**Q** 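Dumping the structure here so I can ask a few things about it.
Because the structure is a prediction, the values reported are computed rather than measured.
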Amino acid sequence: MAEVIRMPKMSDTMEEGVIAEWHKKVGDKIKSGEVIAEVETDKATMDLESYWDGTLLYIGVKKGDAVPIDGIMAIVGAEGEDYQSLLDGASNGNGSAPVAAPAAPAAPAVETVTPQPTPAAAAPAVSTEKINAAVVRMPKMSDTMEEGTLVSWQKKVGDKVKSGDILAEVETDKATMELEAYEDGTLLYVGIKEGDAVPVDAIIAVIGEEGSNVEALLARENGEAPAETAAAPAPGAAAQAAPAVNGSEKAVSVADSNERVKASPLAKRLADEKGINLSEVAGSGDNGRIVKRDVDEFKPAAQASAPAAAPAAQPAPAAKAEAAPVASAPANGDFVDTPISQMRKTIARRLSESLFTAPHFYVTMEINMDKAMALRPQLNEVATAKISFNDMVIKACAVALKQHPAVNSAWLGDKIRKYNYVNIGVAVAVDEGLLVPVIREADKKTLSAISGEVKDLAGKAKDKKLQPKDWEGNTFSVSNLGMFGVDEFTAIINPPDSCILAIGAIKKVAAFKEDGTVYPTNIMKVTLSADHRVVDGATAAQFLLTVKKLLEEPMSMLV
């Protein structure tokens with residue numbers, strides 16, 4: 001009898017696990033005690049063992065996907081055994097229907113349209129057809145990723161593909177990453193073109209045996225009836241839709257029509273939002289499939305002749321028709337519209353959420369950098385990597401955070417989490433925005449080690465080669481605009497941190513001794529942005545005082 005493998009609770013604080021690696025694939029024989037996967041919990045990456053002997057019949061989650069405790073991960077049983085009853089009514093652990101489960105809504109849709117359905121219409125043959133192919137979906141490659149842009153395909157339709165081969169390069173909100181194949185077979189279908197953006201979990205390709213019914217598989221995965229079945233009730237449906245000319249009736253007609261056209265899920269959603277009938281849109285995808293770009297560029301030609309059919313004695317529509325071009329008229333002069341990248345979209349969303357959710361307050365302090373400037377050349381004579389003032393600030397913040405754990409904290413809605421480790425996020429400017437790679441356990445590292453890591457991560461950020469481990473896990477952030485000559489500024493907190501330190505330029509100013517004598521000194525202004533839900537004003541001031549003391553007596557950081 002087939003058995004379900006669920007996500008176990010591997011630690012007392014674990015709420016979900018991430019599939020770090022599958023060691024078995026569908027069809028493999030497995031024995032009780034064999035490691036079938038590696039699972040990343042909130043504390044460690046651990047081996048997941050099978051408790052049954054049999055054949056791996058089903059895998060419900062892909063490598064890199066998160067599954068809540070008790071979510072279905074896989075099914076083990078006798079070879080060829082029907083396991084569908086175990087999946088019916090269940091979810092694969094992320095709230096959606098299992099990938100392998102045929103879409104049930106197709107048959108009832110036909111029955112409700114046709115008053116007296118024939119047996120063929122009620123149970124289309126394609127819904128039970130065994131299709132030796134699998135869809136490739138857009139994976140969630142970072143914790144903040146909502147959609148990905150297909151930068152380039154490394155394989156083309158007809159190519160042989162092996163598990164682990166690089167299928168494509170995908171631009172996420174933080175980096176350009178390689179998309180690997182998880183199946184062996186032939187690349188049968190490519191659903192999006194280079195440059196197109198699709199949401200996470202959208203179908204982007206199909207891999208399987210040559211000759212597999214790709215259209216039936218796509219219809220099943222998208223919850224659609226097969227084309228020949230859906231077309232049967234068309235005459236009756238058309239007769240009912242013909243008189244629909246107003247408001248809600250027209251919207252229903254467009255939505256129903258969109259369901260019967262070959263189009264990507266994103267294209268269908270955009271068409272429904274814009275009220276576009278996809279049957280009027282020319283598809284540029286594989287086999288004429290409509291993709292996002294087709295909907296964006298669609299210009300309904302029929303609307304131009306529509307006013308002619310309207311009675312001449314109706315002035316109101318004419319007034320609206322004249323007003324429309326005025327609303328869409330371009331601005332005067334030359335301009336350039338630049339499409340928003342995935343990175344810029346995510347930066348905008350996360351910073352807006354931070355600024356308008358977290359109550360920011362700001363504390364500014366001047367720091368005398370004379371001793372730091374005198375010490376730096378001496379350090380660089382023996383350092384393995386050239387040390388900057390930014391590296392010294394990172395080290396000072398890391399040491400100060402151990403003394404002020406309230407600042408090294410995060411607001412989690414129903415609790416405040418104080419971290420026992422110090423991971424400093426360092427803001428790096430790139431062409432498309434701002435990335436924040438992380439220096440882990442910065443309080444335990446030398447200035448040379450911090451300098452080397454910052455340079456390495458900054459280079460990866462600019463080349464779009466950062467990986468999730470490089471930008472996740474920050475507990476505090478630093479942003480430096482001093483090298484651009486900025487005296488002082490305020491920064492927006494980088495979630496989930498409760499604070500970020502903005503660093504200005506070092507400037508030579510006049511200072512006065514007690515006897516009134518003027519002497520030159522070097523001053524750097526820093527501003528701490530703090531989340532008032534977590535950090536109080538006095539706590540922020542005390543933290544800055546510690547940073548000030550460490551930078552004004554920099555040898556204290558080295559002993």
Side-chain angles (χ1 to χ4, degrees), residues 360-404 407-408 422 424 426-429 439 442-443 445-452 454-455 458 476-491 499-530 535-559:
H360 286 50
F361 74 93
Y362 309 96
V363 180
T364 301
M365 191 168 287
E366 291 185 348
I367 298 176
N368 187 309
M369 296 294 288
D370 288 345
K371 291 185 178 180
M373 293 180 71
L375 179 64
R376 180 170 170 253
Q378 301 175 41
L379 294 174
N380 281 329
E381 288 180 1
V382 296
T384 56
K386 188 175 181 180
I387 296 168
S388 68
F389 292 116
N390 194 58
D391 302 326
M392 300 176 80
V393 172
I394 292 170
K395 179 67 175 179
C397 288
V399 174
L401 286 168
K402 295 297 289 185
Q403 300 178 36
H404 302 276
V407 179
N408 195 45
V422 176
I424 305 289
V426 183
V428 176
I439 308 297
D443 59 307
K445 293 180 177 175
T446 64
L447 286 170
S448 294
I450 291 173
S451 175
V454 170
K455 289 179 175 63
F476 183 90
S477 296
V478 169
S479 180
N480 189 345
L481 292 180
M483 68 279 289
F484 299 107
V486 176
D487 291 343
E488 62 178 304
F489 68 102
T490 57
C499 293
I500 184 171
L501 188 69
I503 307 166
I506 299 175
K507 296 192 69 175
K508 184 168 286 188
V509 299
F512 295 88
K513 295 181 180 180
E514 292 182 0
D515 61 1
T517 306
V518 178
Y519 69 97
T521 188
N522 295 282
I523 297 296
M524 179 179 73
K525 288 185 179 180
V526 297
T527 299
L528 184 73
S529 304
V535 179
D536 295 326
T539 303
Q542 289 165 1
F543 168 78
L544 275 190
L545 275 173
T546 302
V547 172
K548 177 182 173 73
K549 290 177 181 177
L550 290 168
L551 288 173
E552 290 185 344
E553 297 292 341
M555 285 296 295
S556 61
M557 295 189 290
L558 309 179
V559 296

**Q** More than 12 heavy atoms of other residues, nucleotides or ligands under 6.0 Å from NZ of Lys445: yes or no?
**A**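 More than 12 heavy atoms, drawn from other residues, nucleotides or ligands, come within 6.0 Å of this atom.
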**Q** Between Met524 and Val393, is any pair of side-chain heavy atoms under 4.5 Å apart?
**A**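 Yes, at least one pair of side-chain atoms sits under 4.5 Å.
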**Q** Give a yes or no on whether the backbone of Ala400 and the side-chain of Thr546 come within a donor-acceptor separation of less than 3.5 Å.
**A**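 Answer holds: no.
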**Q** Per the side-chain hydrogen bond (donor to acceptor under 3.5 Å, both in side chains) rule, what does the pair list look like for residues 372-388, sequence neighbours excluded?
**A**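 Counting only pairs at least two positions apart or across chains, the side-chain hydrogen bond (donor to acceptor under 3.5 Å, both in side chains) contacts touching residues 372-388 are Ser388-Asp391.
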**Q** Quick check for you: to the nearest 0.5 Å, what is the distance between Ser479 atom OG and Ile503 atom CD1?
**A**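 Here the rounded value is 7.5 Å.
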**Q** Just to verify, what does Lys455 make a side-chain hydrogen bond (donor to acceptor under 3.5 Å, both in side chains) with, not counting sequence neighbours?
**A**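 For Lys455 the side-chain hydrogen bond (donor to acceptor under 3.5 Å, both in side chains) partners, ignoring immediate neighbours, are Ser451.
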**Q** If you take all heavy atoms of Phe543 and Cys397, which pair is closest and at what distance?
**A**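 The pair with the smallest heavy-atom distance is CE1-O, 4.0 Å.
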**Q** Identify, with sequence neighbours excluded, every residue that meets salt bridge (Lys or Arg N to Asp or Glu O under 4.0 Å) alongside Lys371.
**A**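 In terms of salt bridge (Lys or Arg N to Asp or Glu O under 4.0 Å), with neighbours along the sequence ignored, Lys371 is linked to Glu553.
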**Q** State, to 0.1 Å, how close Ser448 and Ala385 come at their nearest heavy-atom pair, and which atoms those are.
**A**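 Closest heavy-atom pair between Ser448 and Ala385: O-CB, 3.8 Å.
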**Q** If you round to the nearest 0.5 Å, how far is CG of Leu551 from NZ of Lys549?
**A**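 Rounded to the nearest 0.5 Å, the NZ-CG separation comes to 13.0 Å.
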**Q** Partners of Ala374 by side-chain contact (heavy atoms from CB on, under 4.5 Å), sequence neighbours excluded?
**A**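 With sequence neighbours excluded, Ala374 shows a side-chain contact (heavy atoms from CB on, under 4.5 Å) to no residue whatsoever.
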**Q** Please identify each residue that fulfils salt bridge (Lys or Arg N to Asp or Glu O under 4.0 Å) with Lys507, with sequence neighbours left out.
**A**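 Salt bridge (Lys or Arg N to Asp or Glu O under 4.0 Å) check on Lys507 returns Asp487.
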**Q** Sub-3.5 Å donor-acceptor pair from the side chain of Asp370 to the main-chain atoms of Asn522, do we have one?
**A**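 Yes; judged by distance alone, with no hydrogens or angles, the pair exists.
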**Q** Tell me, do Val535 and Leu528 make a side-chain contact under 4.5 Å, heavy atoms counted?
**A**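 Side-chain contact under 4.5 Å: no.
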**Q** For the residue pair Phe489 and Phe484, establish whether any side-chain heavy-atom pair is separated by less than 4.5 Å.
**A**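 Not touching, per the 4.5 Å side-chain cut-off.
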**Q** For the residue pair Tyr362 and Ala491, what are the closest heavy atoms and their distance?
**A**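 Scanning both residues completely, I find the closest heavy atoms to be CE2-O, 4.1 Å.
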**Q** Would you say Met365 and Val547 make side-chain contact, with heavy atoms under 4.5 Å?
**A**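 No, too far: nothing below the 4.5 Å cut-off.
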**Q** Hey, could you give me the CE/CG distance between Met557 and Leu375, rounded to the nearest 0.5 Å?
**A**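 If I round to the nearest 0.5 Å, the distance is 8.0 Å.
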**Q** Treating Glu552 as the side-chain partner and Asn368 as the backbone partner, does any N or O pair qualify as donor plus acceptor under 3.5 Å?
**A**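 Between the backbone of Asn368 and the side chain of Glu552 there is a qualifying donor-acceptor contact (under 3.5 Å).
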**Q** With side chains defined as the heavy atoms from C-beta onward, is the minimum distance between Ile394 and Val454 less than 4.5 Å?
**A**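 Contact flag for Ile394/Val454 side chains = yes.
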**Q** Is it the case that the side chain of Asn480 and the backbone of Gly482 share a donor-acceptor pair, with hydrogens and angles ignored and the cut-off at 3.5 Å?
**A**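 Indeed, once roles are kept as given, a pair shorter than 3.5 Å links the two residues.
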**Q** Are side-chain heavy atoms of Asp443 and Leu401 found at a separation under 4.5 Å?
**A**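 No; the side chains remain at least 4.5 Å from each other.
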**Q** Quick one: are Ile450 and Met392 in side-chain contact, heavy atoms under 4.5 Å?
**A**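 Sidechains of Met392 and Ile450: no contact.
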**Q** Looking only at heavy atoms, which two atoms of Ala396 and Leu550 are closest? And how far apart?
**A**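 In this case the closest contact between Ala396 and Leu550 is O-CD1, 3.4 Å.
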**Q** Partners of Thr446 by side-chain hydrogen bond (donor to acceptor under 3.5 Å, both in side chains), sequence neighbours excluded?
**A**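 Checked Thr446 against side-chain hydrogen bond (donor to acceptor under 3.5 Å, both in side chains); zero matches.
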**Q** For the residue pair Val399 and Gln403, establish whether any side-chain heavy-atom pair is separated by less than 4.5 Å.
**A**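 Yes. Closest side-chain heavy atoms under 4.5 Å.
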**Q** Checking Thr364 against Thr490 for the side-chain contact (heavy atoms from CB on, under 4.5 Å) test, could you report, in this order, the C-alpha distance in whole Å, the side-chain angles of both residues, the deciding distance, and whether it holds?
**A** CA-CA 9 Å; Thr364 301; Thr490 57; 5.9 Å; no
